[in-house]
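Remember, it's 1-based here, ligands and their atoms both numbered in the order they're listed. The analysis underlying the following values was restricted to heavy atoms, covering all of them including side chains, and did not include hydrogens, waters or symmetry mates.
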Amino acid sequence: MRQAGRSLPEYRALRKDGSILDAIKKPDLSAEITLQPVRRYGVDAAILYSDIIVPVHAIGFGVDIEPGIGPVTKDPFRSASDLKRLRDLDPVSDTPYVIETVKLCVDQLDIPLIGFAGGPFTIASYLIEGGPSRTYQETKRLMFENPELWGHLMDRLTQICTSSLVSQIEAGVSAVQLFDSWVGALSPSQYVRFVFPWVQKMFEEVSKTGVPKIHFGVATGELLELMSDVGADVIGVDWRVPLDIARNRVGEGKALQGNLDPAILAAPWSVIEEEVLHILNLNSGHPGHIFNLGHGVTPSVDPEVLQRIVKLVHQYRVGR
Ligand code: CP3
């Protein structure tokens, strides 16, 4: 979850200035950046260096990533005529560099590589708002004022993100993660009506490949039951819901991912250690826990702290 850029001096040294979207277009560079946190931390899986906005950028919607802000567009999606700006993604011709990066990484890794895409609500919110938002006012306005157009927009994003995921799987990723990061802005009934059918379709398509599917969003406490029915194998949980409560909401038969509060990384080690062990204990006895942060690493985090956490998790034994 945006971990490399947030914490590693070697990342900043390689990445330099310029748009992250240009860096992503260079497979050698992107593969090296993907491998940096693996070498440094000894984590159990790598996440591809790319961004959720890459596919819509590649088909020419007109979206960029502004440093310190995130995805922005000067010409937001507001009416039916904007659908023309969202043609089908053809990964081989539109994002060959993503496919190439996956292949380069897989050649060099002896742990699984996770591919990913953005969930339709999260991508739609950037396209409609023109950038990050606190209220999602324009996104919700479009949903409620013009549900038919919302449906067409979701259809377009479902095609685009599904074919991106499938192309990454064909290139060799071992698992995929669908980041619908901002979907926690919706109530359960809004989620059921405006998001669930499309995410379900995405997972149905991806399921044909047989790779494990992870689904993550922030502030999704009230949506966890619904998200666990949408077709993923692993449900990501942010730090707001204790893992045992998340387990009750998600049910057995799924793995959980999470859920250390990234802000705790600035606390003294004894606090971090206690919290990590607490989280591990909360899910002990249940199969399936990918230990992770509840969201992304912030830029000021000391890489040494992350290294100590990885070591602590690896040393943990159930029942301790
Ligand atoms: O950990 C990794 O580096 C894996 C690659 C990765 C990036 N973005 C690279 C990146 C992944 C998995 C993402 C996903 C992503 N991008 C999400 C979903 C996960 C989440 O964090 O909720 C979202 C919402 C985005 C959109 C986005 N891209 C934002 C909000 C930002 C932050 C802007 C900033 O500078 O604070 C980005 C930029 C971005 N994408 C960075 C990285 C490493 C940091 C900036 C940079 O290096 O230029």
Whether Tyr191 and Phe196 hold their rings parallel, tilted or perpendicular, with breakpoints at 30° and 60°: perpendicular
Backbone or side-chain N or O of Arg15 under 3.5 Å from ligand 1 N or O: yes
Sub-4.0 Å heavy-atom contact, His295 with ligand 1: yes
SB check Glu138 Arg141 (cutoff 4.0 Å): yes
Contacting atoms of ligand 1, where contact means under 4.0 angstrom from a heavy atom of Ser50: 5 (C), 6 (C), 7 (C), 8 (N), 9 (C)
Atom indices of ligand 1 within 4.0 angstrom of Tyr11 heavy atoms, with elements: 43 (C), 46 (C), 47 (O)
Minimum side-chain heavy-atom gap Glu222-Arg249 below 4.5 Å: yes
Region of Gln177 that comes within reach of ligand 1 [heavy atoms, distance under 4.0 Å]: neither
Geometric N/O contact Thr122 with ligand 1, under 3.5 angstrom: no
Side chains of Lys25 and His57, donor plus acceptor under 3.5 Å: yes
Polar contact flag, side-chain donor to acceptor under 3.5 angstrom, Gln257-Gln177: yes
Geometric N/O contact Asp51 with ligand 1, under 3.5 angstrom: yes
Polar side chain donor-acceptor pair, Tyr126 to Thr139, under 3.5 angstrom: no
Trp182, any N or O under 3.5 Å of ligand 1 N or O: no
Per-atom contacts, ligand 1 versus Ile65 - under 4.0 Å to a heavy atom: 38 (C)
Leu48 heavy atom under 4.0 Å from ligand 1: yes
Min heavy-atom dist Gly68 to ligand 1 below 4.0 Å: yes
Gap separating the OG atom of Ser167 from the CG atom of Leu89, nearest 0.5 angstrom: 7.0 Å
Region of Pro71 that comes within reach of ligand 1 [heavy atoms, distance under 4.0 Å]: side chain
Any side-chain heavy-atom pair of Trp182 and Tyr136 under 4.5 Å: yes
